[in-house]
There are 2 protein chains.
Amino acid sequence: MSERGETAAPAAPLGRRAATKARTRQALLVAARRVFAERGYGPASVEEIARTAGVSVGSVYVHFASKEALFTALVEDQTSADVHHKAALVRGSARETFAALDQLVSDVADSREEALLDAEVWLYAVRHPEFAERLAEHEVRLARVATAELHRAWEDLDPAVRAAVRDDEFVVAAAALYHGLIRLRRVLGEDAVPGDLYSRVLRLLLRLPEDDDGAE
Amino acid sequence: MSERGETAAPAAPLGRRAATKARTRQALLVAARRVFAERGYGPASVEEIARTAGVSVGSVYVHFASKEALFTALVEDQTSADVHHKAALVRGSARETFAALDQLVSDVADSREEALLDAEVWLYAVRHPEFAERLAEHEVRLARVATAELHRAWEDLDPAVRAAVRDDEFVVAAAALYHGLIRLRRVLGEDAVPGDLYSRVLRLLLRLPEDDDGAE
DNA sequence: GTCTATACGGAGATAGAC
DNA sequence: GTCTATCTCCGTATAGAC
């Protein structure tokens with residue numbers, strides 16, 4: 001997570017200096033997120049990131065060895081936060097989970113920054129195999145959480161479902177649908193890709209009854 | 001399709017000059033495809049495209065007004081070919097269609113160039129609204145073909161399916177799944193995203209029987 | 001129409017003052 | 001640690017010869 005080990009140390013007595021440094025680093029990560037998303041990894045300039053963060057170019061290179069290191073550090077931050085965030089979504093009841101997933105699709109698709117950065121990260125991964133492994137690990141981690149959660153209800157599902165796909169395959173399909181809906185919603189708009197389509201398709205796939213909302 | 005109207009004229013008497021020009025143009029489009037996919041739109045250099053096509057930088061600007069014009073011309077070519085190609089896939093029997101779709105997912109995902117360019121086009125569209133409209137039109141055209149094809153069997157489907165999603169919504173979901181599976185297959189590999197997963201999930205969604213392959 | 005040479009701007013990264 | 005100034009390279013696009 002940290003460029004050097006020391007940054008991770010919280011420490012009360014270290015005080016002001018370290019705090020300022022940490023704040024600059026954080027500001028750079030936030031700015032980098034904005035600029036990398038908006039311009040793309042290649043065209044994004046370190047100068048614009050520095051300007052957005054309110055620091056000089058020189059400062060950037062004190063915190064990060066290169067533009068590339070800044071990008072990977074940013075992704076590292078994102079992914080670790082992401083896994084916690086998404087894991088929390090599926091912990092509730094089925095109804096809550098589906099509602100949360102619908103919300104997630106809409107939120108990500110409707111946020112330029114999220115949607116763009118997501119695609120940039122994928123492209124970077126495909127072009128940098130060593131980085132791709134880390135992204136794959138992240139996807140696998142997410143899939144494991146989802147599979148474990150799904151497994152709680154797996155035995156109660158319609159046998160026809162279990163005959164057609166394994167639980168881990170279902171999770172892959174659900175993840176694919178998630179990414180694809182976000183992609184299409186950005187191009188086609190919210191009318192063509194309504195906010196509840198994800199849950200409706202998932203329910204249809206799992207052969208679960210519709211959610212009447214009136215009940216509970 | 002053409003930079004100027006004249007390029008479109010086939011004409012026998014025009015002969016050699018026009019043919020050479022057309023060949024150069026075509027070579028540039030092929031090279032552009034390779035380079036834009038591999039480097040990304042921003043970092044791709046006109047010099048590398050020219051070198052790959054075996055011509056000089058100056059020649060590029062005779063055929064295309066700018067790097068941007070080259071990119072959009074390329075996409076225009078791709079998309080018009082794409083709609084014909086995909087429309088042909090769904091014209092056969094259900095079994096043939098599903099097999100063709102599985103093949104398509106595998107082919108696109110396993111081709112760096114296809115998968116990368118696809119993502120680049122999407123990113124370019126999100127960053128250039130006027131271009132996004134054209135991409136949206138393309139997606140809509142594809143969706144219309146698919147919806148028309150689906151409609152032939154729609155009335156025979158399980159009522160539970162028709163109650164959960166409209167036909168056009170199903171097409172959107174199928175398209176989303178298509179894009180998502182390609183994306184995940186490139187990161188997770190063919191073991192995690194098997195080549196027949198697409199058809200199996202589509203069949204499960206439509207509540208169609210599995211394909212026994214032995215029958216006919 | 002194709003080439004070579006070049007104008008012009010902008011990028012990543014570093015040096016050295018404070 | 002942060003800044004300003006700069007080195008150095010590479011990009012798009014154009015000019016002008018053939």
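Throughout, protein chains are lettered first and strands after them, A, B, ... in sequence-line order, and every chain is numbered starting at 1. Side-chain atoms are counted along with the backbone in the values below, which use heavy atoms only and exclude waters and symmetry mates.
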**Student:** Tell me: CD of E47(A) to C1' of dC3(D), nearest whole Å?
**Tutor:**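 From E47(A) CD to dC3(D) C1': 14 Å.
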**Student:** Can E68(A) and Y124(A) be counted as having a side-chain donor-acceptor contact under 3.5 angstrom?
**Tutor:**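 Their side chains do contain a donor-acceptor pair, which is all the 3.5 Å distance test asks for.
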**Student:** If the sugar-phosphate is the primed atoms plus P, OP1 and OP2 and the base is the rest, what is the B/S/- string for nucleotides 13-18 of chain C, using protein heavy atoms under 4.0 Å?
**Tutor:** BB----
**Student:** So which heavy atom on R166(B) is nearest to which on E169(B), and how close?
**Tutor:**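 Where R166(B) meets E169(B) most closely, the heavy atoms are N-OE1, 2.9 Å.
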**Student:** Round to the nearest Å and state the distance from I49(A) atom CD1 to dA11(C) atom C1'.
**Tutor:**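 Distance check: I49(A) CD1 to dA11(C) C1' gives 12 Å.
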**Student:** Which residue pairs pass the salt bridge (Lys or Arg N to Asp or Glu O under 4.0 Å) test with at least one member in residues 49-58 of chain A, sequence neighbours excluded?
**Tutor:**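 Only E47(A)-R51(A) qualify under salt bridge (Lys or Arg N to Asp or Glu O under 4.0 Å).
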**Student:** Does S45(B) place a side-chain N or O at less than 4.0 Å from the phosphate oxygens OP1/OP2 of dC10(D)?
**Tutor:**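 It does not, given that no N or O in the side chain of S45(B) lies less than 4.0 Å from OP1 or OP2 of dC10(D).
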**Student:** Here's one to test your reading of the geometry: is the NZ or CZ of K67(B) within 45 degrees of the ring axis of Y61(B) and under 6.0 Å from its centre?
**Tutor:**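 No, K67(B) and Y61(B) do not form such a contact.
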**Student:** Verify, without hydrogens or angle tests, whether K21(B) (side chain) and H63(B) (backbone) share a donor-acceptor contact under 3.5 angstrom.
**Tutor:**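 Flag not set: sc K21(B) to bb H63(B) has no pair under 3.5 Å.
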**Student:** Grab the CZ-P distance between F64(B) and dT12(D) for me, whole Å please.
**Tutor:**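 That distance rounds to 15 Å.
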**Student:** Grab the CZ-P distance between R51(A) and dC3(D) for me, whole Å please.
**Tutor:**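 For the pair R51(A) CZ and dC3(D) P, the rounded distance is 14 Å.
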**Student:** Heavy atoms within less than 4.0 Å of DNA chain D: which residues of residues 29-43 of chain A have one? Give them sorted by number.
**Tutor:**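 By residue number: none to list.
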**Student:** Looking at R112(B) and E38(B), would you say the former's side chain and the latter's main chain have a donor-acceptor pair under 3.5 Å?
**Tutor:**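 No; zero donor-acceptor contacts below 3.5 Å.
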**Student:** As an exercise, state the distance from CZ of R33(B) to CD of E120(B), rounded to the nearest 0.5 Å.
**Tutor:**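 Atom-to-atom, R33(B):CZ and E120(B):CD are 13.0 Å apart.
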**Student:** For dG1(D) and S59(A) - does any side-chain N or O of the residue sit under 4.0 Å from the phosphate oxygens OP1/OP2?
**Tutor:**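 S59(A) to dG1(D) OP1/OP2: no side-chain N or O under 4.0 Å.
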**Student:** Ignoring backbone atoms, test whether T24(B) places a side-chain nitrogen or oxygen under 4.0 Å from the OP1 or OP2 oxygen of dG1(C).
**Tutor:**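 Negative; the distance criterion is not met.
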**Student:** Separation of R23(B) atom CZ from dT2(C) atom P, in whole Å?
**Tutor:**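 Answer to the nearest Å: 10 Å.
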**Student:** Could you tell me whether the side chain of R183(B) and the main chain of A109(B) form a donor-acceptor pair under 3.5 Å?
**Tutor:**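 Pair absent, no side-chain N/O of R183(B) close to backbone of A109(B).
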**Student:** Rounded to whole Å, how long is the line connecting atom CG of L28(A) with atom P of dG1(D)?
**Tutor:**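 Spelled out: CG on L28(A) to P on dG1(D) is 13 Å.
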**Student:** For S199(B) and D102(B), test the side chains for any donor-to-acceptor distance below 3.5 angstrom and give the result as yes or no.
**Tutor:**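 Yes, D102(B) and S199(B) have a side-chain donor paired with an acceptor closer than 3.5 Å.
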**Student:** Mind checking A50(B) for me? I need base, sugar-phosphate or nothing, with any heavy atom below 4.0 Å counting as a touch.
**Tutor:**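 Since no nucleic acid heavy atom lies under 4.0 Å of A50(B), the category is nothing.
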**Student:** dT2(C), dA11(C), dT2(D): which one has an atom nearest the side-chain heavy atoms of S56(B)?
**Tutor:**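 Output: dT2(C).
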**Student:** Applying a 4.0 Å non-hydrogen cut-off, can you work out what V60(B) is touching in the nucleic acid: base, sugar-phosphate, or nothing?
**Tutor:**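 No contact.
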**Student:** Which nucleotide in the set dT2(C), dT2(D), dG1(C) lies at the smallest distance from any side-chain heavy atom of H63(A)?
**Tutor:**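 Between dT2(C), dT2(D), dG1(C), the one nearest the side chain of H63(A) would be dT2(D).
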